[in-house]
Asker: 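Have a look at the structure that comes next, please.
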2 protein chains.
Amino acid sequence: MTAAASGDLIEIDYRITAEDPRAIADAIRVEQTIEFPFELAPEWIQQGVVGHVLSDDGRDITIGYDPGVAGGGLVQVLNLLWGNVSLFPGVRVRGLRLPDSILNDFRGPRFGIPGLRSLFGASDRPLVCTAVKPMGSSPQMLATMARTIATAGFDIIKDDHGLADQPWATWRDRVTAIAQAVNEAASETGHPSAYMPSLNVPADSLRDAAFFAKEAGAGALLVLPGICGFDAMRSLADADDLALPIMAHPSFLGSNVVNPDQGIDHGIMFGTLMRLAGADISIFPNHGGRFSFSPEELSAIQAACLAPLGSLASAWLSPGGGMTLDRIDELTDFYGIDVALLVGGALHRGDLAENARRLVQSVQKV
Amino acid sequence: MTAAASGDLIEIDYRITAEDPRAIADAIRVEQTIEFPFELAPEWIQQGVVGHVLSDDGRDITIGYDPGVAGGGLVQVLNLLWGNVSLFPGVRVRGLRLPDSILNDFRGPRFGIPGLRSLFGASDRPLVCTAVKPMGSSPQMLATMARTIATAGFDIIKDDHGLADQPWATWRDRVTAIAQAVNEAASETGHPSAYMPSLNVPADSLRDAAFFAKEAGAGALLVLPGICGFDAMRSLADADDLALPIMAHPSFLGSNVVNPDQGIDHGIMFGTLMRLAGADISIFPNHGGRFSFSPEELSAIQAACLAPLGSLASAWLSPGGGMTLDRIDELTDFYGIDVALLVGGALHRGDLAENARRLVQSVQKV
């Protein structure tokens, strides 16, 4: 029985606003598979390898692909989803449904929502997160800041994602100093605050850096899949000997979502793909911060982080980008409590220790 | 002396079509560096770490960044160039100038134009390349096809980029069979045809796969930096014990360039970044093929592949995407001879061996 006959297809929904959507869909189903003149392919390849239009509602067209096309893991799922078709103007992917035969190959988030609730003793509240910054600070300045925040009882204290290996604070010096400061504070408070360094490091030292961080005492990892690749994040999430929570940062991914008629829908990018790639927490810009996602786009991300996806754990939502202390209620009203609150620079207006304590208290009341 | 005073800045030109370009530029210069309320940062960080507007011509604004901000290699160069700012609608990067202090850290293409001219004995002609396909074919079918093409004297016979690890031809079986077929043909013809497998493999086996391919007899590598990450490609290019030519495929990168008011200009993406990441050959869709780059966009890619960039070698242009045999003259008229011609499916209309011979002959006459 073919995959088509068994219903075991990968289904991708496209909205095609370019002219002649059906002709473009016919180009896509060939382009994303055989890249070969359709009429020259053997009939079984035309039937069993090339994608098939499953439904055609004008500009909304769904194509089904044999799961064999995605053989090779997440990299080929990404290539099928948004490889050459990423070069087509006026094409947007609005839906992705993967059969169990594909999903079963993915472990997904190692901790997910229940895992981090248990890790941080946060059974019925949001997680409280922030970033140490600004770039230019010395490791000691960042460590002092991290200690203050951990003392206030934050769950996750991450590096600003732009902290890489700069002259003001090299990667190793920073990671070592901050991990120590956070762990000292955590042993004083009894709350298991975790330092989460940014793994924006060269590709060939990614794995070593993750283990160095763990050894230094980091309790979680920040990964930039738009730069290091989604599958590199997946490989860290899957490593049983590493086994640290992972937060995914949206750096370099924006163009795939912010152009309304072209790209990939927000929910797929910041929900489905992040979960396939093992992120326990997915950061994205909230509405009304420095960026511009709409409430509808945010609801789509929420739905995709929480929706059933094989046996994969759900992922925490982490709306960031210029969030302020007085928006906590609004955020939990909108997202509920499965949210990793990320308040950054705003924590530094006035007294950091006092702001940090106030934030932790507000969240405990939620 | 500060970097600003010495002129040793990273300069990025933005075209901002969103409302109030100057306010957005002020947000960008902070967002891409300290992600922190500007007025709360110490003065030396405001001066020496935050970006500075160097010129402001309405919607065209140039920001200069201290090279220290990009400390940490290519990953942080990418993060500075298009990290959070990728989430801004109506912002496009139109220019990137890196100081020697940054460029000196990059090896760039190992072979580049002169290196591959020498490798393939092609001192005064384009390179002749094609892909084995279609997906669904067995390793033996692909190997037979590759043998026919190598016998005709092609320089590079690559995998279709979508060939990953599918049930119809697993990665190892395919690579082993095709490499052997191409090498047997090459030893008969005396022309050093190279098989170039697609390294669209899991992140944690990328390096092993590259060495397996080399061991099996592959003469070059196809890499998908939009999926594996630019720096993973750079790490392969830099590996002295690997030392194989690298061709970069544009999969998953399209949304960064095809939306005119948002993203990164074509030349930066398919020229500058590819060279920084060590690609000897950069594939992009030609005008009039299955895709839609304009002649102006193609000229920008050409300029960026060939322009001085520190001591980095220039990269071959490889316009693909539905190219046909009768367009060779047009292609060489437009691009000159520093072009790696990529004719794919069209080679299979009629007799493959005859078409392949004709193509090689046409190129030798160029």
Side-chain angles (χ1 to χ4, degrees), chain A residues 27 31 33-37 40-41 45 48-49 68-69 71-73 75-76 78-79 82-84 86-87 89 133-136 160 162 164-168 171 200-204 224 227-229 231-232 235 250-256 258-259 262-263 285 290-292 344-345 348-349, chain B residues 27 31 33-37 40-41 45 48-49 68-69 71-73 75-76 78-79 82-84 86-87 89 133-136 160 162 164-168 171 200-204 224 227-229 231-232 235 250-256 258-259 262-263 285 290-292 344-345 348-349:
Chain A
E31 189 64 39
T33 54
I34 63 170
E35 290 189 78
F36 190 82
L40 299 184
I45 288 182
V49 180
V69 172
V75 291
Q76 179 59 12
L78 294 171
N79 194 31
W82 201 236
N84 278 358
S86 74
L87 294 153
K133 51 175 78 180
M135 186 189 294
D160 225 9
D165 193 27
Q166 281 102 355
W168 309 292
W171 193 85
N200 195 27
V201 299
D204 34 7
L224 286 59
I227 290 181
C228 72
D231 201 56
S235 75
S251 173
F252 214 92
L253 292 172
S255 294
N256 294 294
V258 301
N259 301 284
Q262 211 271 346
R290 297 188 301 258
F291 307 96
S292 57
H348 299 262
R349 293 195 187 280
Chain B
E31 189 64 39
T33 53
I34 62 169
E35 291 190 79
F36 190 82
L40 299 184
I45 288 182
V49 180
V69 173
V75 292
Q76 179 58 13
L78 294 170
N79 195 30
W82 201 236
N84 278 359
S86 74
L87 293 153
K133 49 174 79 179
M135 186 190 294
D160 226 8
D165 192 29
Q166 281 104 354
W168 310 292
W171 193 85
N200 195 27
V201 299
D204 33 6
L224 286 60
I227 291 181
C228 71
D231 200 56
S235 76
S251 173
F252 214 92
L253 292 172
S255 294
N256 294 296
V258 301
N259 300 286
Q262 211 273 343
R290 297 188 300 259
F291 307 95
S292 56
H348 300 262
R349 293 195 185 278

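Since we're looking at a predicted model, the values are computed, not measured.
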Asker: Of all heavy-atom pairs between B/Gly71 and A/Ala164, which one has the smallest distance, and what is that distance?
Answerer: O-CB, 3.3 Å
Asker: Pick from B/Gly136, B/Ser235, B/Gly229: which one has the most heavy-atom pairs with chain A under 4.5 Å?
Answerer: B/Gly136
Asker: State whether a side-chain donor-acceptor pair under 3.5 Å links A/Ser251 with B/Trp82.
Answerer: no
Asker: So which of B/Ala232, B/Pro167, B/Pro37, B/Gly73 has the largest heavy-atom pair count under 4.5 angstrom toward chain A?
Answerer: B/Pro37
Asker: May I ask you to test the B/Asn79-A/Leu224 pair for a side-chain heavy-atom distance under 4.5 Å?
Answerer: yes
Asker: Which one wins on heavy-atom pair count under 4.5 Å against chain A: B/Pro202, B/Ala41, B/Pro89?
Answerer: B/Pro202
Asker: Answer yes or no: is there a donor N or O on one side and an acceptor on the other, between the side chain of B/Ser86 and the main chain of A/Gly254, under 3.5 Å?
Answerer: yes
Asker: Calculate, to the nearest 0.5 Å, the distance between atoms CZ and CG belonging to B/Phe252 and A/Asn256 respectively.
Answerer: 5.0 Å
Asker: If we ignore angles and hydrogens, is there a donor and acceptor under 3.5 Å between the side chains of A/Asp165 and B/Gln76?
Answerer: no
Asker: Tell me, for A/Val75 versus chain B, whether the close heavy atoms (under 4.5 Å) come from the side chain, the backbone, both or neither.
Answerer: both
Asker: Does any heavy atom of chain B fall under 4.5 Å from the side chain of A/Ala27, the backbone, both, or neither of them?
Answerer: neither
Asker: Report yes if some heavy atom in the side chain of B/Val258 is under 4.5 Å from a heavy atom in the side chain of A/Gln262; otherwise report no.
Answerer: yes
Asker: Could you check whether any side-chain heavy atom of A/Val69 comes within less than 4.5 Å of a side-chain heavy atom of B/Met135, counting everything from C-beta outward?
Answerer: yes
Asker: What distance separates A/Cys228 SG from B/Asp231 CG, expressed to the nearest 0.5 Å?
Answerer: 10.0 Å
Asker: Where does A/Leu253 contact chain B at under 4.5 Å (heavy atoms): side chain, backbone, both or neither?
Answerer: backbone
Asker: Applying the side chain to side chain contact (heavy atoms under 4.5 Å, CB included) criterion to B/Pro134, which one of A/Ile45, A/Leu40, A/Thr33 satisfies it?
Answerer: A/Ile45
